[in-house]
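Reading through the structure tokens given below for one structure.
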Amino acid sequence: MKKIGLILIAFMLIFLAACGKKEEKTTISGEDKVKEESYTVTHAMGETTIEGEPKRIVVLTNEGVEAVLAMGITPVGAAEAFTGDTWYKHTADQLKDTKSVGTESEPSLEAIAALKPDLIIGNKMRQEKVYDQLSKIAPTVFAETLRGDWQENFKLYSKAINKEDIGQEKLDAYNNRIEGLKTTLGDQTQQEVSMVRFMAGDVRIYHKDSFSGVILEQLGFARPEEQDLPDFAEKGVTKERIPAMDGDILFYFTYETGDKEATKLEDEWINDPLFQNLEVAKAKKVYKVDDVIWNTAGGYLAAELMLDDLETYFK
């Protein structure tokens with residue numbers, strides 16, 4: 001009987017050990033399942049399914065780069081800045097380990113493929129023609145456009161990288177800052193803010209559907225009547241349109257690529273008698289600001305820096 005009892009105990013121990021191993025295997029496979037869960041993102045080009053949490057991300061717009069950086073992700077590859085040495089000054093330190101994959105207008109498919117990304121983030125306005133090729137390299141998500149409301153793109157990017165909670169926290173923090181600054185500014189937002197941009201061969205008066213225009217509107221600033229329009233900008237303006245630049249305060253920014261042509265144009269216009277006769281010029285309320293921050297970069301980090309500027313000018 002004792003021998004039979006010992007045999008039964010041995011069988012029970014073996015059975016329990018087997019059960020334990022099976023439970024452990026189930027737990028491990030459960031973890032694998034979590035890691036391999038897929039999610040689908042609806043975007044400008046349709047729907048894209050992404051497996052797991054993307055780690056190797058390539059971003060093809062500068063405002064998209066700012067978005068992922070703000071959410072704690074360093075892209076393995078990114079489109080180069082429009083000006084400067086590869087990256088803008090305010091993002092250069094964070095992108096020191098990021099590889100260039102060409103420009104927003106001409107991304108290098110070879111360079112992107114070489115990075116073996118598990119997610120590509122781009123923009124229909126910039127890269128629609130190569131979307132199908134990009135999608136063959138990795139799951140690809142495109143925003144619709146690059147204009148004023150960068151927050152809409154930011155929300156899309158947070159879904160694409162599977163960090164919606166962090167993305168919402170960042171947007172809440174930014175919008176809370178907007179509300180705080182509105183309170184601080186008080187009646188100063190009743191001033192009409194004019195915005196002008198100088199480019200080589202082109203002068204523009206900026207309206208409300210621009211990066212800086214949206215931020216000014218969020219803060220409640222008034223705009224001159226001829227700039228209080230829902231579109232992007234008036235392009236190719238002539239000097240006859242200088243009166244439309246008047247306001248209580250004027251900010252201008254110059255897109256300089258290195259040949260000094262935009263700077264020459266800026267000097268010519270700012271010193272023109274018609275410009276100097278503007279009420280805002282006579283009141284010495286004309287300020288030059290950084291084109292990258294107020295317009296070209298167009299993302300979360302630039303928005304924060306633009307708010308810094310506004311705090312300085314209106315304190």
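Hydrogens, waters and symmetry mates are skipped; everything else that's a heavy atom, side chains included, is used. Numbers here are sequence positions counted from 1.
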For atom CG of D93, is the number of surrounding heavy atoms from other residues, nucleotides or ligands below 6.0 Å larger than 12? no
Working for side chain to side chain contact (heavy atoms under 4.5 Å, CB included), residues Q276 and I270: CA-CA 7 Å; Q276 290 298 315; I270 293 297; 4.2 Å; yes
Quick one, I293 and H90 - any side-chain contact, counting heavy atoms below 4.5 Å? yes
Under 3.5 Å side-chain donor-acceptor pair for E266 and Y252: yes
Side chains of Q168 and D172 only: does a donor on one sit below 3.5 Å from an acceptor on the other? yes
F253 vs Y206, ring pair (Phe, Tyr, Trp, His ring centres under 6.0 Å): CA-CA, chis, key distance, verdict: CA-CA 11 Å; F253 29 97; Y206 272 59; 5.5 Å; yes
What orientation do W150 and F211 show, parallel under 30°, tilted 30 to 60°, or perpendicular over 60°? tilted
Correct closest heavy-atom pair for L301 and E66 would be N-OE1, 2.8 Å
Quick one: do Y287 and Y255 end up in the same hydrophobic cluster if we chain Ile, Leu, Val, Met, Phe, Trp and Tyr together by side-chain heavy atoms under 4.5 Å apart? yes
Heavy-atom donor-acceptor pair, E192 side chain to D248 backbone, under 3.5 Å: no
Would you say the side-chain atoms of D231 pair up with the backbone N or O of H207, donor to acceptor, closer than 3.5 Å? no
Non-hydrogen side-chain atoms of F221 and I215 separated by less than 4.5 Å: no
After noting the C-alpha distance and the side-chain angles of R241 and E226, does the key distance pass the salt bridge (charged side-chain N to carboxylate O under 4.0 Å, His left out) rule? CA-CA 10 Å; R241 292 291 293 151; E226 294 194 61; 2.8 Å; yes
Can you confirm whether more than 12 heavy atoms, excluding those of E261, are under 6.0 Å from its CD atom? yes
Y313 side chain reached by V289 side chain, heavy atoms, under 4.5 Å: yes
Side chain to side chain contact (heavy atoms under 4.5 Å, CB included) assessment of E63 paired with Y300: CA-CA 7 Å; E63 55 93 35; Y300 186 99; over 6 Å; no
Closest non-hydrogen atoms of Y39 and K159, given as atom of the first, atom of the second and distance, are CE1-O, 3.3 Å
Side-chain contact test, heavy atoms from C-beta onward, threshold under 4.5 Å: evaluate it for I121 versus V58 and give yes or no. no
Nearest heavy-atom neighbours spanning G77 and L115: CA-CD1, 3.6 Å
Are the side chain of D272 and the backbone N or O of E268 linked by a donor-acceptor pair below 3.5 Å? no
Are the side chain of E256 and the backbone of D259 linked by a donor-acceptor contact shorter than 3.5 Å? yes
Do L307 and L219 come close enough that some side-chain heavy atom pair is under 4.5 Å? yes
Compare every heavy atom of W87 with every heavy atom of K99, then report the nearest pair and how far apart it is. O-CH2, 4.1 Å
Side-chain heavy-atom pair T40, I50 within 4.5 angstrom cut-off: no
Pair R177 + E311: basic N to acidic O under 4.0 Å: yes
For residues V68 and F154: do they belong to one hydrophobic cluster (side chain heavy atoms under 4.5 Å, members Ile, Leu, Val, Met, Phe, Trp, Tyr)? yes
Could you tell me whether the side chains of N62 and E104 share a donor-acceptor contact shorter than 3.5 Å? yes
Flag yes if V280 and M195 sit in one hydrophobic cluster, no otherwise; membership is Ile, Leu, Val, Met, Phe, Trp, Tyr, and two members link when side-chain heavy atoms are under 4.5 Å apart. no
Short side-chain to backbone donor-acceptor contact, Q191 and I249, under 3.5 Å: no
Between the side chains of D309 and W294, is a donor N or O closer than 3.5 angstrom to an acceptor N or O? yes
Does K284, at its NZ atom, have more than 12 non-hydrogen atoms belonging to other residues, nucleotides or ligands within less than 6.0 Å? no
More than 12 non-hydrogen atoms from neighbouring residues, nucleotides or ligands closer than 6.0 Å to NZ on K239, yes or no? yes
Can you confirm whether L69 sits close enough to L95 that some side-chain heavy atom of one is under 4.5 Å from a side-chain heavy atom of the other? yes
With no hydrogens and no angle check, do the side chains of E144 and H43 hold a donor and an acceptor under 3.5 Å apart? no
N176 CG: over 12 foreign heavy atoms closer than 6.0 Å: yes
Whether over 12 other heavy atoms sit under 6.0 Å from E225 CD: no
Regarding Q227 and S194, do their side chains bring together a donor and an acceptor under 3.5 Å, going by distance alone? yes
K170/E304 ion pair, N-O < 4.0 Å: no
Exceeds 12 heavy-atom contacts within 6.0 angstrom, atom NZ of K288: yes
Is the side chain of N162 donor-acceptor paired with the backbone N or O of E53 at a distance under 3.5 Å, no angle test? no
Please check: side-chain N/O of D118 versus main-chain N/O of P54, any donor-acceptor pairing under 3.5 Å? no
Between the side chains of S158 and E164, is a donor N or O closer than 3.5 angstrom to an acceptor N or O? no
Side-chain donor or acceptor of D246 paired with backbone N/O of L278 under 3.5 Å: no
Is there a donor in the side chain of S210 and an acceptor in the side chain of R204, or the other way round, less than 3.5 Å apart? no
S38 and T49: side chain donor to acceptor below 3.5 Å: no
With distance as the sole test, does T140 use its side chain to make a donor-acceptor pair with the main-chain N or O of A138 at under 3.5 Å? yes
Taking the side chain as everything from C-beta on, heavy atoms only, tell me whether F251 gets closer than 4.5 Å to V196. no
Verify the distance criterion only: is there a donor paired with an acceptor across the side chains of T254 and D291 at less than 3.5 Å? no
Test item: N271 side-chain N/O and D267 main-chain N/O as donor-acceptor pair under 3.5 Å: yes
Answer yes if the side chains of T238 and E240 hold a donor-acceptor pair under 3.5 Å, and no otherwise. yes
